[in-house]
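Here's the structure we're looking at; comments come further down.
We're numbering straight along the sequence, starting at 1. Just so it is clear, the values below take in all heavy atoms, side chains as well, and ignore hydrogens, waters and symmetry mates.
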Amino acid sequence: MKLTCMQDDLKRGLAAISHAVAGKSATLPVLANVLLATDDGRLKLTATNLEVGINRWIGANIAQAGAVAVPAKLLADVVGGLPNDKVTLTLDPKTQTLRVECGRFVSNIKGVDADEFPSLPAVNTRAPLVSLPAVLWREAIEQVAFAAATDESRPILTGVLVRTRDQQLTLVAADGFRLAMRTIPLAETVAHAVDCLIPARTLAELARIIGDIEGDVAMVYTPGGSHVLFHTENTEVVSRLIEGRFPDFERIIPQQYLTRTVLDSTELAKAVKLASFFASASQNVVKLKIEPAGEMGPGRVVLSANSAELGDNTSELDGSVTGDGGVIALNVKFLADAIAAVGSNQIAFEMQSAQSPAVFKPVGHDGYIHIVMPMSMR
């Protein structure tokens, strides 16, 4: 193998696949490597930890085809220290040593035979199930994936349900204390009605990788398959699916409310942040008291937190209140996350009672619902 490419392209390509590189403690030591292979006039970089795998292609001038697996961190460190100039990669097939040259800098990195590197699972059909702009995928993932559980004792809840029905794509995540759901209308009816459970970590990684992509990202899935693939012109992310059935989330979503409050998102976020300084020492409980409008003024929300050790905090916010009002206690961190995820200038807060879920929605934008389960009030 012999080729030349630009240092900046190689550096960014290695950064894109870096999170799929397994640690040194991995069952297979070869997973700490990156596979470099020539592929149809380009250089293909591959990394996998057996849960998620990433392929990244970069432009290169190929003089001789070939492939080798080399330590990912070492190669990234070496390339990162080179000037932004042409880099020549030359493989000695007898010793599996990769020579990295750039200007007057030369490094020799010992690698292993490419055949020792596991191949990524292939998705049988390349016809995409869904294709959406990268910015839309990233927005939806960032609104949903963080609500998945991180506790591996409930593996089903560590995933994000991706559902296609007719002309709609739905992403749902829940951890038993909160639920986030984003629906996206599609231009065409999907070929298959699909429910697949993708690890939240995989989707978070996908969102990171496609952050600077302007084109579309296609999702390829074979019904009944064990893997899903997302691809763009230069990148592929392949992930195993989580086996099992996601809870019936539609039963959890309240279909009506007794009180609806519309608040300024920025002001609410400030009040919640202030409350968190006190709530953190008291099981993260923050209390919201919703008061309807009276003859003398608008409706308001009184947000309070108290700690026997630290003291207490109260914030009053004006808002549009429909209904009888009421009081509810929520986890202050989950409340802050909900406000950030809604992502609109105004946020609608709906509730039925102190024992019922709190529902948060963006005002002026359909398609997102965030639910937070209540806490007991002392």
Side-chain angles (χ1 to χ4, degrees), residues 1-122 201-202 205-206 208-212 231-239:
M1 180 177 77
K2 185 172 183 178
L3 60 91
T4 58
C5 60
M6 293 304 298
Q7 181 267 353
D8 188 55
D9 291 342
L10 185 56
K11 179 181 176 181
R12 286 189 286 114
L14 290 168
I17 67 164
S18 62
H19 289 198
V21 176
K24 291 184 178 180
S25 60
T27 307
L28 296 175
V30 73
L31 297 181
N33 291 355
V34 55
L35 177 66
L36 286 76
T38 57
D39 183 21
D40 197 23
R42 295 188 293 176
L43 174 61
K44 178 182 176 183
L45 311 174
T46 303
T48 181
N49 57 20
L50 299 185
E51 178 180 278
V52 60
I54 302 174
N55 292 319
R56 180 69 170 242
W57 287 265
I58 64 172
N61 184 0
I62 310 296
Q64 184 176 354
V68 67
V70 297
K73 185 179 185 308
L74 177 58
L75 180 60
D77 288 343
V78 168
V79 172
L82 296 176
N84 186 12
D85 203 345
K86 285 186 178 180
V87 176
T88 300
L89 303 179
T90 307
L91 174 66
D92 183 340
K94 293 182 180 179
T95 63
Q96 293 296 308
T97 298
L98 183 69
R99 183 178 177 88
V100 182
E101 301 176 79
C102 183
R104 300 168 69 180
F105 299 92
V106 178
S107 299
N108 291 294
I109 300 176
K110 294 183 177 180
V112 296
D113 194 292
D115 290 340
E116 295 185 26
F117 196 88
S119 58
L120 296 188
R201 288 192 299 264
T202 296
E205 184 62 21
L206 175 66
R208 181 187 72 86
I209 291 173
I210 64 176
D212 58 351
H231 73 89
T232 69
E233 182 181 358
N234 297 317
T235 305
E236 283 186 349
V237 177
V238 182
S239 174

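Residues Gln7 and Lys86 form no side-chain contact, since every pair of their non-hydrogen atoms from C-beta on lies 4.5 Å or further apart. Using a 4.5 Å heavy-atom cutoff, the side chains of Val237 and Glu205 are not in contact. Side-chain atoms of Leu75 and Leu36, non-hydrogen and from C-beta on, do get closer than 4.5 Å to each other.
Atom CD1 of residue Ile58 and atom CG of residue Asn234 lie 10.0 Å apart, to the nearest 0.5 angstrom. Note: Leu91 CG to Ile109 CD1 = 11.5 Å, rounded to the nearest 0.5 Å. Distance check, rounded to the nearest 0.5 Å: CG of Leu45 to CG of Leu14 gives 5.5 Å.
Residues meeting the side chain to side chain contact (heavy atoms under 4.5 Å, CB included) test with Ile62, sequence neighbours left out: Leu3, Thr38, Ala60. Residues forming a side-chain hydrogen bond (donor to acceptor under 3.5 Å, both in side chains) with Ser107 (at least two apart in sequence, or on another chain): none. Listed by chain and number, the residues in a side chain to side chain contact (heavy atoms under 4.5 Å, CB included) with Gln64 are Lys2 (sequence neighbours excluded). For the side chain to side chain contact (heavy atoms under 4.5 Å, CB included) test, residues two or more places apart in sequence or in another chain that qualify with Ala47 are Ile17, Ala20, Val21. Scanning for side-chain hydrogen bond (donor to acceptor under 3.5 Å, both in side chains) contacts around Arg12 gives Asp8, Asp9, with sequence neighbours left out. For Arg42, there are no salt bridge (Lys or Arg N to Asp or Glu O under 4.0 Å) partners at least two apart in sequence or on another chain. Listed by chain and number, the residues in a salt bridge (Lys or Arg N to Asp or Glu O under 4.0 Å) with Glu101 are Arg99 (sequence neighbours excluded). Residues satisfying the side-chain hydrogen bond (donor to acceptor under 3.5 Å, both in side chains) criterion with Thr46, sequence neighbours excluded, are Asn55. Not a single side-chain hydrogen bond (donor to acceptor under 3.5 Å, both in side chains) links Asn108 to another residue, sequence neighbours left out.
Residue Val52 is tested with Val238, Leu120, Thr202 for a side-chain contact (heavy atoms from CB on, under 4.5 Å); the sole match is Thr202.
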- After noting the C-alpha distance and the side-chain angles of Thr48 and Phe117, does the key distance pass the side chain to side chain contact (heavy atoms under 4.5 Å, CB included) rule? CA-CA 9 Å; Thr48 181; Phe117 196 88; 4.0 Å; yes
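Contact detail for Ala67 and Ala37: the closest heavy-atom pair is CB-CB, 3.7 Å. Residues Pro118 and Leu50 approach most closely at CG-CD2, 4.4 Å, considering heavy atoms. Across Leu35 and Ala114, no two heavy atoms sit closer than the pair CD1-CB, 3.6 Å. Heavy atoms only, all atoms of each residue included: Arg208 and Ser18 are closest at NH2-OG, 4.2 Å. In plain terms, the two heavy atoms of Ala22 and Asn49 that are nearest each other are CB-CB, 4.0 Å. The shortest heavy-atom contact between Trp57 and Asp39 is NE1-OD2, 2.8 Å.
Residue pairs satisfying the salt bridge (charged side-chain N to carboxylate O under 4.0 Å, His left out) criterion with at least one member in residues 45-63, sequence neighbours excluded, are listed as follows: Glu51-Arg201, Glu51-Arg240.
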Scan the side chains in residues 77-85 for donor-acceptor partners under 3.5 Å anywhere in the protein, sequence neighbours excluded, and list what turns up.
unit_1	atom_1	unit_2	atom_2	d
Asp77	OD2	Lys73	NZ	2.8

